[in-house]
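See structure below.
For ligands, and for the atoms within them, numbers begin at 1 and follow the listed sequence.
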Amino acid sequence: MRIEPQLDGLMGATVTDFRLASASDADIASLREAVYRDSILLIKDQRLDPKEFVDLGNALGVIEVYYESMYHHPEHKEIFVSGTKPGNDFEGVPQTGKFWHADYSFMPNPFGITMTYPQIVPKGNRGTYYIDMAKAFAALPGRLQDQLRGTRVEHSPRRYFKIRPSDVYRPIHEVQAEVEQTTPAMFHPTVFRHPVTGEEILYVSEAASFGFIDERGLRLGPEVLEEVLELTGQLDSTFTDPQIHLQTFVEGDLLVWDNRALVHRALHSPKPEPAQSYRVTVHDEHPFFGASA
Ligand code: 7UC
Ligand code: FE
């Protein structure tokens, strides 16, 4: 197995000659180290069936099963299915993650590692945008860094919660009330120290963040969130902000990334082409918010 930095782009490393069936404990340990150092790993030439993809998840950490069953793979609930296969409308949810977010940031205990394994790669634009929120925090003006440290940020899935087949004919306010009941707003540390890299992470995303509260429980004005999103590149509709990394992939690539440090945004094909990706997410052995939560 070889791990080499990607030559183009702002982050990432490619992993070649990795075979799960013959991987040693040292290989797995190297992958687990590299994901924090290089932020994104592109494991090349994988041929895993769904069960083997789940096995890889179990090798890297403790799998978190997605809380909404409509995303589950029909035979392996550990796999979240994004996109649909022609002729099988029941496997997968179309157009997931088309907004800046960190996975599970609206949950009490988010997971440290996300893996995606594209199954059908469309001809049109396909890839994922990423922003490193450790670098983005380091680049903020000192007065804004000081203002944010010690505050909490409200996270909720309410803005992007997708209507499920079982919600048809339900009053929308009832569905909204259910979302608040199942996933009440979480007030996470706005800035926390990454338990492995030691960097300060700015835990704010355009999709899931709703504002800040200070140590006394008072809300900061909405202009603070606006400024943070603007300065971190998350309001750039052209995706040309120098902080944005576009990670493309081809069939056989399996992506593993640091879900603490990065926010991401799916880039979906503009045409309604078949596209499907499997996702497995895992908790590592470190507390998500490091020592500062
Ligand atoms: O449909 C979706 O894009 C799912 C999204 C709201 N949540 C993904 C996650 O893991 O937080
Ligand atoms: Fe996501």
Pair R164 + E68, salt bridge at N-O below 4.0 Å: yes
Minimum-distance atom from the Fe ion (ligand 2) among N, O or S atoms of D103: OD1
Numbered atoms of ligand 1 (with element) below 4.0 Å of D103, judged on heavy atoms: 9 (C), 10 (O), 11 (O)
Residue and atom name of the nearest protein heavy atom (relative to atom 11 (O) of ligand 1), distance in Å to one decimal: Y104 N, 2.9 Å
Within-shell test, P157 vs ligand 1, heavy atom, strictly < 4.0 Å: no
Modelled atom types, side-chain donor and acceptor of H264 and N259, under 3.5 Å: no
Residue K135 excluded, over 12 heavy atoms near NZ under 6.0 Å: no
Lys/Arg-Asp/Glu bridge criterion (N-O < 4.0 Å) met for D146, R143: no
Residue that, paired with Y130, satisfies side chain to side chain contact (heavy atoms under 4.5 Å, CB included) out of L255, L246, L10, V263: L255
Lys/Arg-Asp/Glu bridge criterion (N-O < 4.0 Å) met for R149, E200: yes
Atom of H264 nearest the Fe ion (ligand 2) (restricted to N/O/S, atom name only): NE2
R260 to F288, cation-pi by 6.0 Å centre distance and 45° axis angle: yes
Distance from atom 3 (O) of ligand 1 to nearest protein heavy atom, with residue and atom: G97 N, 2.7 Å
Taking atom 2 (C) of ligand 1 as the reference point, the nearest protein heavy atom with its distance: K162 NZ, 3.2 Å
Proximal atoms of ligand 1 relative to F99 (non-hydrogen, under 4.0 Å): 3 (O), 6 (C)
SB check D103 R279 (cutoff 4.0 Å): yes
M70 contact mode with ligand 1 (heavy-atom cut-off under 4.0 Å): neither
Atoms in ligand 1 with a heavy atom of R279 nearer than 4.0 Å: 8 (C), 9 (C), 10 (O)
Proximal atoms of ligand 1 relative to F106 (non-hydrogen, under 4.0 Å): 11 (O)
T96 N/O to ligand 1 N/O under 3.5 Å: no
Sub-4.0 Å heavy-atom approach of Y71 to ligand 1: yes
contact_flag Q95 ligand 1 heavy-atom lt 4.0 Å: no
Check: R32 side chain, L60 main-chain N or O, donor-acceptor pair, under 3.5 Å: yes
Test: E206 and R265 ion pair at under 4.0 Å: no
Residue and atom name of the nearest protein heavy atom (relative to atom 8 (C) of ligand 1), distance in Å to one decimal: Y66 OH, 3.5 Å
